[in-house]
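Single-structure report; data block below.
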There are 2 protein chains.
Amino acid sequence: MSDRSKMVGMTSTGTRRGRPPAFDRAAVLAAATRLFWERGYQATSVGELTGAMGIKPGSLYAAFGDKESLFREVVQGYQQSPAGQFVGLAFAEEPTARAAFARILRDAARIYADPEHPAGCMVISAAANVAAQDDEVAAFLRELRAANLAVFEERLSTAKRLGELPPTADPAALARYFGAVLQGMSQRSRDGADTAELTATAELAMLAWPAGPVG
Amino acid sequence: MSDRSKMVGMTSTGTRRGRPPAFDRAAVLAAATRLFWERGYQATSVGELTGAMGIKPGSLYAAFGDKESLFREVVQGYQQSPAGQFVGLAFAEEPTARAAFARILRDAARIYADPEHPAGCMVISAAANVAAQDDEVAAFLRELRAANLAVFEERLSTAKRLGELPPTADPAALARYFGAVLQGMSQRSRDGADTAELTATAELAMLAWPAGPVG
DNA sequence: TCAATTCTTGAGTGACCGTTCAAGAAGGAC
DNA sequence: GTCCTTCTTGAACGGTCACTCAAGAATTGA
C-alpha cells in the first residue's frame with residue numbers, strides 16, 4: 001500500500017520535499033505493463049520487472065508498494081489506454097447495439113493482434129493460471145471481466161426494450177456469447193492469429209445477431 | 001527421460017525384477033492431472049504434486065523423469081480421456097460436418113463445466129501464461145491446439161467438396177471461428193460459467209454456419 | 001548552514017523452487 | 001542365503017522468489 005495519499009489535504013505548494021525520484025513513473029509503468037501483458041502476473045518476476053524498468057527493488061517497493069499493487073496500477077493504466085477503452089468508446093459512439101457490438105469485435109481484431117504491443121487482452125489473459133497464493137489477483141481480473149459482461153448485458157437489454165432486438169432475444173445469453181468470442185479471439189491472437197484472421201472470426205460471430213443480418 | 005524403454009525387447013517373463021513400486025501409477029497420474037488441470041503447468045509446484053500424489057520427490061523423479069515429462073504424460077492421458085476425445089468422436093460418428101460441429105459445441109458445454117473435474121480444456125488453459133524458461137511447454141500445447149484447428153479445417157474442406165457447404169464458404173475461417181469459440185467457452189467455464197450458459201453460447205455460435213439454420 | 005524528508009543503492013532476508021543423491025528396504029534370480 | 005535390481009526415504013543441492021533494510025545521496029524548508 002503506497003503512502004502517496006499523504007498528499008491529499010496538503011496545504012499548497014506543488015513542490016515535493018526530499019530527494020526527487022530518478023525515474024519517470026509513467027515510463028517505468030509502461031515497461032511493467034509490457035512485461036505483465038506478455039507473461040501474465042505470476043510468470044513475471046520482480047527481478048525481470050526491475051531489470052526492464054531500470055530501477056532497483058528498493059525503488060520499486062518504495063514507489064509502488066509490492067508486486068500486486070504494481071500490477072493493479074498497471075491494470076488501471078491499461079484500462080485507460082486505447083486497448084482498454086475500445087469497448088466503452090463503441091457503446092458511447094455507436095447509435096445502435098448492433099453497430100456497437102460489430103465495432104467492438106472489429107476493434108478487438110485489430111487491437112488484439114496489433115504488433116505494437118503484446119497480443120490479446122491483458123485482463124483476459126494476465127492471470128489465466130495462478131497458484132492459490134495469487135487467488136486475489138485472479139479474482140480481481142475475474143471481476144473486471146464480469147463487470148464487462150454486465151455492461152454487455154445492460155446494453156443488450158436496453159436494445160431489446162427499444163425494439164432493436166426482437167422480444168425473443170436473450171440479452172444475457174448474447175452478452176455471454178460475445179464475451180466468450182472475445183476471450184477466444186484474445187487467446188487466438190496469443191497463439192499467433194493476425195488481424196485478418198480475427199476479423200473473419202468477428203464477422204462470423206456477428207451472424208448470431210438476432211433477426212437476420214440486416215439488423 | 002524415463003528408462004522404462006529397457007523393457008522393450010526383453011526376453012519374456014512379465015514379472016519385473018527389483019522392488020515393486022508402492023503406488024498405483026494411474027492413480028498418481030490422476031492426482032497430477034487434476035492439479036495441472038486446475039492450476040496450469042507453471043503454477044503447480046513439484047511439492048504440491050508430491051503432496052497430492054502421496055509420494056516423495058525421489059519417487060516422482062524416478063518414475064516420471066522430471067516435471068515437464070510428467071506433464072507431457074498427463075496431457076497424453078488427458079487426450080485419451082472423454083474430455084480429450086469428444087472432438088474426434090464427433091467427427092467419427094456424425095454423418096455431416098454440421099452435425100459434428102454442433103455436437104462438438106454441445107459436448108464442450110457439458111464437459112467444460114462438468115463439476116467432476118476442473119473446468120475448461122486443459123490443453124487450452126494449462127500454459128496460458130508462462131515464463132521464458134517454460135516456453136517449450138507452451139509451444140507443446142500451442143501445437144496441440146494448432147493440430148486441432150487443422151483437423152477442423154480439413155473436415156470443413158471435405159464438407160465443402162461434398163457440397164455440404166456452399167462454394168462461398170471459407171473452411172479456414174470457419175475452423176478458426178469455431179476454435180476461438182471453444183477457447184472462449186473454456187475460459188468462460190473457468191470463470192464459473194455452467195453448462196446451461198455454455199450451451200446457449202454453443203447454440204448462438206452455430207448460427208454462423210453457412211446457408212441458414214437448416215443445414 | 002543544517003535539519004528534515006525522500007529516494008537510491010547494495011547487500012541480504014527466509015522461503016520455496018525443481019532436482020539430486022546416498023542409504024536402506026523390498027522384491028526376483030540363483 | 002546372497003546377489004542384483006528397483007523403489008523409497010530423508011536430507012540435502014544451488015538457484016530464484018518476493019521482499020527488506022541500513023546507509024548514503026539529493027532535495028526542500030528554515
Side-chain angles (χ1 to χ4, degrees), chain A residues 1-7 10-25 28 32 35-36 39-72 129-134 136-137, chain B residues 1-7 10-25 27-28 32 35-36 39-72 129-137:
Chain A
M1 189 74 54
S2 167
D3 275 339
R4 204 153 293 281
S5 51
K6 277 188 211 155
M7 277 187 62
M10 266 179 65
T11 36
S12 55
T13 76
T15 62
R16 306 260 314 281
R17 305 209 313 177
R19 177 175 179 172
F23 57 87
D24 176 7
R25 192 176 177 91
V28 305
L35 263 185
F36 278 134
R39 299 215 220 283
Y41 174 74
Q42 180 166 255
T44 304
S45 74
V46 173
E48 291 172 317
L49 286 166
T50 55
M53 298 161 95
I55 62 179
K56 300 287 164 66
S59 298
L60 188 154
Y61 280 85
F64 299 103
D66 60 3
K67 185 185 174 185
E68 182 173 338
S69 299
L70 169 62
F71 178 72
R72 294 180 118 101
N129 303 108
V130 126
Q133 71 208 41
D134 292 324
E136 291 181 20
V137 173
Chain B
M1 190 73 53
S2 167
D3 274 340
R4 203 153 294 281
S5 51
K6 275 189 212 156
M7 274 187 63
M10 264 180 67
T11 35
S12 53
T13 76
T15 60
R16 304 261 316 282
R17 306 211 310 179
R19 177 174 178 173
F23 56 87
D24 175 7
R25 192 176 177 91
V28 304
L35 264 185
F36 278 133
R39 299 215 218 285
Y41 174 75
Q42 180 166 258
T44 303
S45 74
V46 173
E48 291 171 317
L49 286 167
T50 55
M53 298 160 94
I55 62 178
K56 300 288 165 63
S59 298
L60 189 154
Y61 280 83
F64 299 103
D66 60 3
K67 185 185 175 187
E68 182 174 337
S69 300
L70 170 61
F71 179 70
R72 294 179 118 101
N129 303 108
V130 126
Q133 72 210 38
D134 292 324
D135 253 359
E136 291 180 21
V137 174

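Just so we're on the same page: letters track the sequence lines, and every chain starts at 1.
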What side-chain donor-acceptor pairs closer than 3.5 Å can you find for residues 50-63 of chain A, not counting sequence neighbours?
{"from": "Thr50(A)", "atom 1": "OG1", "to": "Val46(A)", "atom 2": "O", "distance (Å)": "3.2"}
{"from": "Thr50(A)", "atom 1": "OG1", "to": "Gly47(A)", "atom 2": "O", "distance (Å)": "3.0"}

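We find that CG of Leu70(B) is positioned 10 Å from P of dT19(C), with the value rounded to whole Å. In this structure, the CG atom of Asp24(A) is 15 Å from the C1' atom of dC7(C), given to the nearest Å. With rounding to whole Å, Asp134(B) atom CG is found 14 Å from dC17(C) atom P. Atom CE of Met53(B) is separated from atom P of dT9(D) by 14 Å (rounded to the nearest Å). Note: CZ (Phe23(A)) to P (dT6(C)) measures 15 Å, nearest angstrom. The distance from atom NZ of Lys56(B) to atom P of dG10(D) is 4 Å, rounded to the nearest whole Å. Atom CZ of Arg25(A) is separated from atom P of dC7(C) by 10 Å (rounded to the nearest Å).
Considering only residues two or more places apart in sequence or on other chains, Glu68(A) meets the salt bridge (Lys or Arg N to Asp or Glu O under 4.0 Å) condition with Arg72(A). Partners of Glu48(B) under the salt bridge (Lys or Arg N to Asp or Glu O under 4.0 Å) rule, at least two apart in sequence or in another chain, are Arg39(B). Taking Ala27(B) as the reference, Asp24(B) meet the side-chain contact (heavy atoms from CB on, under 4.5 Å) condition, with sequence neighbours excluded. Residues satisfying the side-chain contact (heavy atoms from CB on, under 4.5 Å) criterion with Ala22(A), sequence neighbours excluded, are absent altogether.
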Worksheet item: What string of B, S and - do you get for nucleotides 17-27 of chain D, 5' to 3', if B is base contact, S is sugar-phosphate-only contact and - is no contact with any protein heavy atom under 4.0 Å?
Response: SSBBB--BBBB
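Taking the centre and axis of the six-membered ring of Phe36(A), the NZ or CZ atom of Lys67(A) falls outside the cone set by 45° and 6.0 Å.
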